[in-house]
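Small disclaimer: the values here were computed from a predicted structure and weren't measured. Counting starts at 1 for both ligands and their atoms, in listed order.
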Amino acid sequence: MDDRLEHYVTELFAAEDPILSKIRARHAAENLPSINISPEEGKLLHVLLFAIQARRVLEIGSLGGYSGVWLARALPPGGELTTIEKDPKHAKIAREAFDSARLHGRVQLIEGSALDVLPTLHPGFDAVFIDADKEPLPRYFEWGMKLLRRGGLLLCDNAFFHGAAVDPNDRSANALGVRAFNELAAHDRRLVATIIPVRDGLLIGVKTRDSA
Ligand code: DHB
Ligand code: MG
């Protein structure tokens with residue numbers, strides 16, 4: 001999408017309120033890696049959660065809480081976002097972001113490594129958004145599928161990974177993880193999936209069956 005059209009979408013549909021702008025500014029001030037989702041990707045996630053009337057959502061990789069605010073704001077009273085973050089500095093900033101957005105009652109942040117935390121969660125999530133380290137993506141795929149309810153949404157950021165998805169010469173662990181995830185999502189008979197070309201690619205799938 002050309003920059004002017006992206007700007008058009010953002011201005012018209014994904015304008016940030018002062019709370020989101022402040023979270024983004026804090027993110028920059030604290031020198032967090034500038035890899036958070038864009039406003040139009042945030043709005044897309046928000047719309048998707050409304051479409052399925054999501055109540056319980058899981059995020060792997062909170063970073064500074066920016067995506068979590070877009071996700072949690074789509075939940076009804078009594079709904080809950082569970083978000084996992086392994087970096088204590090990121091976790092602290094994310095908690096403050098949820099407080100500033102008055103979402104602390106709707107967000108449970110669990111500090112720890114995703115592969116340690118995932119086995120402790122109860123299945124039945126309406127949506128799982130994966131936006132974390134890329135090497136373990138195949139394992140996050142299996143956990144996502146296990147923890148989703150039938151009809152639930154599997155969402156994964158960076159499906160293109162700056163073009164590495166289509167560069168077989170890129171044998172980095174991250175690129176291999178992204179390509180493996182995309183292939184699992186494409187071929188797993190429990191899932192109907194595609195990639196939306198927003199920002200760095202958002203993979204979206206619906207879990208249509210509990211077993212292949
Ligand atoms: C990068 C971007 C992301 O959105 C992410 O989740 C991880 C890494 C990157 O640009 O390297
Ligand atoms: Mg990402």
Next on the checklist: Just so I know, are the side chains of W70 and K43 near enough to count as touching, which here means a heavy-atom distance under 4.5 Å?
Outcome noted: yes
Checklist entry - Can you check whether P197 reaches F160 side chain to side chain, under 4.5 Å on heavy atoms? => result yes
Next on the checklist: Please evaluate residues R199 and E6 with respect to the criterion salt bridge (charged side-chain N to carboxylate O under 4.0 Å, His left out), reporting the C-alpha separation (whole Å), side-chain torsions for both, the decisive distance (0.1 Å), and the verdict.
Outcome noted: CA-CA 9 Å; R199 202 175 68 100; E6 198 170 304; over 6 Å; no
Checklist entry - So, is D200 polar-close to ligand 1, with some N/O to N/O distance under 3.5 Å? => result no
Checklist entry - Polar-atom distance check: F161 versus ligand 1, any N or O pair below 3.5 Å? => result no
Checklist entry - So is R149 actually on top of F125's ring, under 6.0 Å and inside 45° of the axis? => result no
Next on the checklist: So, of the N/O/S atoms that D131 has, which is the nearest one to the Mg ion (ligand 2)?
Outcome noted: OD1
Checklist outcome for this item: Answer key: the N, O or S atom of D157 nearest to the Mg ion (ligand 2) is OD2
Item to check | Where K146 and K207 come nearest, the two heavy atoms and their spacing | outcome: O-NZ, 4.4 Å
Next on the checklist: How close do E16 and P39 get, counting heavy atoms only, and between which atoms?
Outcome noted: OE2-CG, 3.7 Å
Next on the checklist: Can you name the atoms of ligand 1, numbered from 1 with element, that are less than 4.0 Å from a heavy atom of K134?
Outcome noted: 5 (C), 6 (O), 7 (C)
Next on the checklist: Give the atom numbers and elements of ligand 1 that come within less than 4.0 Å of a heavy atom of D157.
Outcome noted: 4 (O), 6 (O)
Next on the checklist: Between S172 and N174, is there a side-chain donor-acceptor contact under 3.5 Å, judged purely by atom types and distance?
Outcome noted: no
Checklist entry - Considering only the protein, which heavy-atom contact is closest to atom 1 (C) of ligand 1, and what is its distance? => result I35 CG2, 3.5 Å
Next on the checklist: Can you report which non-hydrogen protein atom sits closest to atom 9 (C) of ligand 1, along with the distance?
Outcome noted: H162 NE2, 3.2 Å
Item to check | Interatomic spacing from CG in L121 to CD in Q108 - rounded to 0.5 Å | outcome: 8.0 Å
Next on the checklist: At under 4.0 Å between heavy atoms, is it the side chain or the backbone of N158 that contacts ligand 1, or both, or neither?
Outcome noted: side chain
Item to check | Within reach of ligand 1, part of R199 (heavy-atom separation under 4.0 Å) | outcome: side chain
Next on the checklist: Taking backbone and side chain together, does N36 place any N/O/S atom at a distance below 2.8 Å from the Mg ion (ligand 2)?
Outcome noted: no
